[in-house]
Amino acid sequence: MTPDTLGLTAEGCMALLDAGDVSCVELVEAYLARIEQQDGDLNCYLRTRADAAREEAARFDREGRSGLQGVPIALKDILCVRGEETTAGSRILEGHRPLYDAGVVTRARAAGLIPLGKTNMDEFAMGSSTEHSAFGTTHNPWDARMVPGGSSGGSAAAVAAGLAPLALGTDTGGSIRQPAALCGVVGMKPTYGAVSRHGLIAFGSSLDQIGPFALTVRDAALALQVIAGRDHCDSTSVELPEPIAVPEGDDLSGVTIGVPADLLAQGVEPGVREAFDRSLEHAQHLGARVREITLPTAVHALPAYYLIAPAEASANLARFDGVRYGLRLEEPGDTIVEMYGRTRSSGFGAEVKRRIMLGTYVLSAGYYDAYYGTAQRVRTLIRREFDQAFTDVDLIATPASPTVAFPIGERIDDPWAMYACDLLTVPVNLAGLPGISLPCGLSEGLPVGLQLIGSAFSENRILAAAHALEGAIGFDPVPAAMRSAG
Ligand code: GLN
């Protein structure tokens, strides 16, 4: 049997496999066929690994399977896969084949998940639309004229379009939650340290986290279960205080949800606000208490983030020099300095160069304290404000993105407009907290994401509340445009 992968969840895949209705090979073939059919237009995948995926599936068919074994997954192309091209969306890494698997890839494989391929992204995860990819833009499955969000736009769009039941992305300032919101899927950024960053090509090392995309909150929990926990290759990773639980139930009684009025006053589109307010009503019907809170410094999160993240990026990206990885120019010049310059000038895109220049500037003598130091102090205050808020409330709710998906091309030449996408997500990264985006309705036919933020390592609380709300909201994650396209 060939299953219809559109709207098929990981739990749905498991049920089909468990019942023997489909084999692992048939399941993988169904996804590969749909990718073949749809991805020419969408551009979610930079590369698929069809033969390797088929072989892995065949092994499960031969040897037997259980649980998540045989369920496909898509990987953002910033995660190293041994021997397979990994570019982080950049020309400078074209042809780069890592010598090892990222920690999350090792875990995904150990759980029996089958990587289908690598997904498109903004170059080095810098962006909110996937337009900064060196390999073309990904299109939003809800409306192909729109961006899917970013930087993990390929992963979000792949899950929305039925090109993978699960995907991994990374979130430095919103890159899981914002594309999840714009594509109408669930996306979760775990607590800093909850998931190993080993083998993740670094952007902002104090901010980066890997997390799952899925069609349902339960699926996201299943994926998080696989990837979370200590990895000795990442000294910032820790064992979670309690294992990730797959949520059940629909009760929010005893849960207090805080709504940061000052942050929301910064410019949330009316249609987004309406969908957000409706989901708060659902929360109240399920028994939650909703109260207004203030996060006065969080309104400064965006400028602080756009100093700290580029500062870290400028250091992390110094290693791409034409010697060790990827791009080697035909005419690299006569001296090593010339080679560095030429390689980096031709290998990096405009947004990455902008960040490197900004980051180098704010770290330079005489400016360090004024810019980077001030941003770090703002970061500390934001963290304290969240800590304070969580003494009164269990969760904080905001929209994940101030707007729905915007037209391709609209913000590409206006960095500040692009950065404004991250208004509601970056405070969470600066504070190292977990956050989820789940679809909570449509505005002008495009999905709106509800963000739930919790205290450090409260993933289970977030997942439980998100699952309860998901049931009440009843969002259909299959894009109408995809349904008619077959
Ligand atoms: N949009 C933000 C940026 O461009 C966040 C990116 C991310 O989370 N990787 O930096």
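Worth saying up front: this structure is predicted, and the values here are computed from it rather than measured. Positions are given from 1 along the sequence.
- The shortest side-chain heavy-atom distance between V186 and E470 falls under the 4.5 Å cut-off.
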Applying side chain to side chain contact (heavy atoms under 4.5 Å, CB included) to C183 and N140, what does each step give before you reach the verdict? CA-CA 6 Å; C183 290; N140 191 313; 4.1 Å; yes

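- With rounding to the nearest 0.5 angstrom, the CD1 atom of I92 is 12.0 Å from the OG1 atom of T87.
- R49 pairs by the side-chain hydrogen bond (donor to acceptor under 3.5 Å, both in side chains) definition with E56, E84, not counting sequence neighbours.
- Salt bridge R54/D51: present, at least one basic N to carboxylate O contact under 4.0 Å.
- Proximity of a side-chain donor or acceptor of S455 to a complementary backbone N or O of S458 within less than 3.5 Å is not detected.
- Across E385 and L295, no two heavy atoms sit closer than the pair OE1-C, 3.1 Å.
- When side chains are defined from C-beta on, V226 does not count as touching I73, because their heavy atoms never get closer than 4.5 Å.
- When all heavy atoms of P115 and A53 are compared, the pair lying nearest together is O-CB, 3.9 Å.
- Side-chain contact check for L182 versus P148: every heavy-atom pair is 4.5 Å or farther apart.
- A donor-acceptor pair shorter than 3.5 Å cannot be found between the side chains of S205 and E312.
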Take I382 and V378, measure what side chain to side chain contact (heavy atoms under 4.5 Å, CB included) needs, and give me the verdict at the end. CA-CA 6 Å; I382 291 172; V378 169; 3.8 Å; yes

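- Between the side chains of R91 and S346, not a single donor N or O lies within less than 3.5 Å of an accepting N or O.
- For the side-chain hydrogen bond (donor to acceptor under 3.5 Å, both in side chains) test, no residue two or more places apart in sequence or in another chain qualifies with T360.
- The salt bridge (charged side-chain N to carboxylate O under 4.0 Å, His left out) search around D387 returns none, not counting sequence neighbours.
- For E338, the CD atom sits in a packed shell: over 12 heavy atoms of surrounding residues, nucleotides or ligands are nearer than 6.0 Å.
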CA sep, side-chain torsions, deciding dist, call: I293, Q388, side chain to side chain contact (heavy atoms under 4.5 Å, CB included): CA-CA 10 Å; I293 60 164; Q388 178 60 37; over 6 Å; no

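- Here the CG atom belonging to D77 is positioned 5.0 Å from the CG atom belonging to L46, to the nearest 0.5 angstrom.
- Using a 4.5 Å cut-off on side-chain heavy atoms (C-beta onward), L166 and V159 make no contact.
- Without hydrogens or angle criteria, T130 side chain to G153 main chain gives a donor-acceptor distance under 3.5 Å.
- The stretch residues 183-238 participates, sequence neighbours left out, in these ring pair (Phe, Tyr, Trp, His ring centres under 6.0 Å) pairs: Y100-H198.
- Considering every non-hydrogen atom in both A214 and D219, the closest pair reads CB-CB, 3.5 Å.
- Pairs engaging residues 117-160 under the ring pair (Phe, Tyr, Trp, His ring centres under 6.0 Å) rule: F124-F320, F124-F348, W142-F475 [sequence neighbours left out].
- Counting only residues at least two apart or on different chains, no ring pair (Phe, Tyr, Trp, His ring centres under 6.0 Å) pair has a member in residues 166-189.
- Looking at L163 and T5, their side chains never come closer than 4.5 Å, going by heavy atoms from C-beta outward.
- Residues S155 and K76 bring no donor and acceptor atom of their side chains to less than 3.5 Å of each other.
- Under a 3.5 Å cut-off, the side chain of T9 and the backbone N or O of L215 do not form any donor-acceptor pair.
- With sequence neighbours left out, R230 forms a side-chain hydrogen bond (donor to acceptor under 3.5 Å, both in side chains) with no residue at all.
- When only modelled atom types and interatomic distance are considered, R379 and S206 share a side-chain donor-acceptor pair under 3.5 Å.
- Residue T86 holds its OG1 atom at 8.0 Å from CG of L79, rounded to the nearest 0.5 Å.
- For residues 165-191, no pair satisfies ring pair (Phe, Tyr, Trp, His ring centres under 6.0 Å), with sequence neighbours left out.
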Can you list, pair by pair, the side-chain donor-acceptor contacts under 3.5 Å of residues 322-331, counting residues two or more places apart and other chains?
| unit_1 | atom_1 | unit_2 | atom_2 | d |
| --- | --- | --- | --- | --- |
| R324 | NH2 | R319 | O | 3.4 |
| R324 | NH2 | D321 | OD2 | 3.2 |
| R328 | NE | G322 | O | 2.8 |
| R328 | NH2 | G322 | O | 3.0 |

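- T106 and D101 share no donor-acceptor pair across their side chains, judged by distance under 3.5 Å alone.
- Partners of Q376 under the side-chain hydrogen bond (donor to acceptor under 3.5 Å, both in side chains) rule, at least two apart in sequence or in another chain, are Y372.
- The line from CD of E123 to CD of E131 is 14.0 Å long, rounded to the nearest 0.5 Å.
- Side chain of T119 to main chain of Y45: no donor-acceptor pair is present (N/O by atom type, distance under 3.5 Å, no hydrogens or angles).
- A donor-acceptor pair under 3.5 Å links the side-chain atoms of R411 to the main chain of A417, judged by distance alone.
- Heavy-atom minimum distance, L424 versus A400: CB-O, 4.1 Å.
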Run L168 and L75 through side chain to side chain contact (heavy atoms under 4.5 Å, CB included) and show every step you take. CA-CA 5 Å; L168 296 183; L75 303 172; 3.8 Å; yes

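- Using the six-membered ring where Trp is involved, W416 and Y419 have ring planes that are perpendicular, over 60° apart on the 30 and 60° scheme.
- More than 12 heavy atoms of other shown residues, nucleotides or ligands fall within 6.0 angstrom of atom CZ in F406.
- Put simply, the side chain of S364 gets close to the backbone of Y361: a donor and an acceptor are under 3.5 Å apart.
- A donor-acceptor pair shorter than 3.5 Å cannot be found between the side chains of S443 and E269.
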For a quick test of your reading: what N or O donor-acceptor pairs under 3.5 Å do the side chains of residues 172-181 make, sequence neighbours left out?
| unit_1 | atom_1 | unit_2 | atom_2 | d |
| --- | --- | --- | --- | --- |
| T172 | OG1 | D208 | OD1 | 2.6 |
| S175 | OG | S151 | N | 2.8 |
| S175 | OG | S151 | OG | 2.8 |
| R177 | NE | D171 | OD2 | 2.9 |
| R177 | NH1 | T425 | O | 3.2 |
| R177 | NH1 | Q451 | OE1 | 2.7 |
| R177 | NH2 | D171 | OD1 | 2.8 |
| R177 | NH2 | D171 | OD2 | 3.3 |
| R177 | NH2 | T425 | O | 3.3 |
| R177 | NH2 | N429 | OD1 | 2.6 |
| Q178 | OE1 | G150 | N | 2.8 |
| Q178 | NE2 | S128 | O | 3.0 |

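- Remark: R377 engages D369 in a salt bridge (charged side-chain N to carboxylate O under 4.0 Å, His left out) (not counting sequence neighbours).
- In this structure, L42 CG and R34 CZ are separated by 8.5 Å, a value rounded to the nearest 0.5 Å.
- Q38 is listed as a side-chain neighbour of M482, based on a closest heavy-atom distance under 4.5 Å.
- Within 6.0 Å of CZ on R384 lie no more than 12 heavy atoms contributed by other residues, nucleotides or ligands.
- Although no hydrogens or angles enter the test, the distance criterion places no donor-acceptor pair under 3.5 Å between the side chain of K118 and the main chain of C80.
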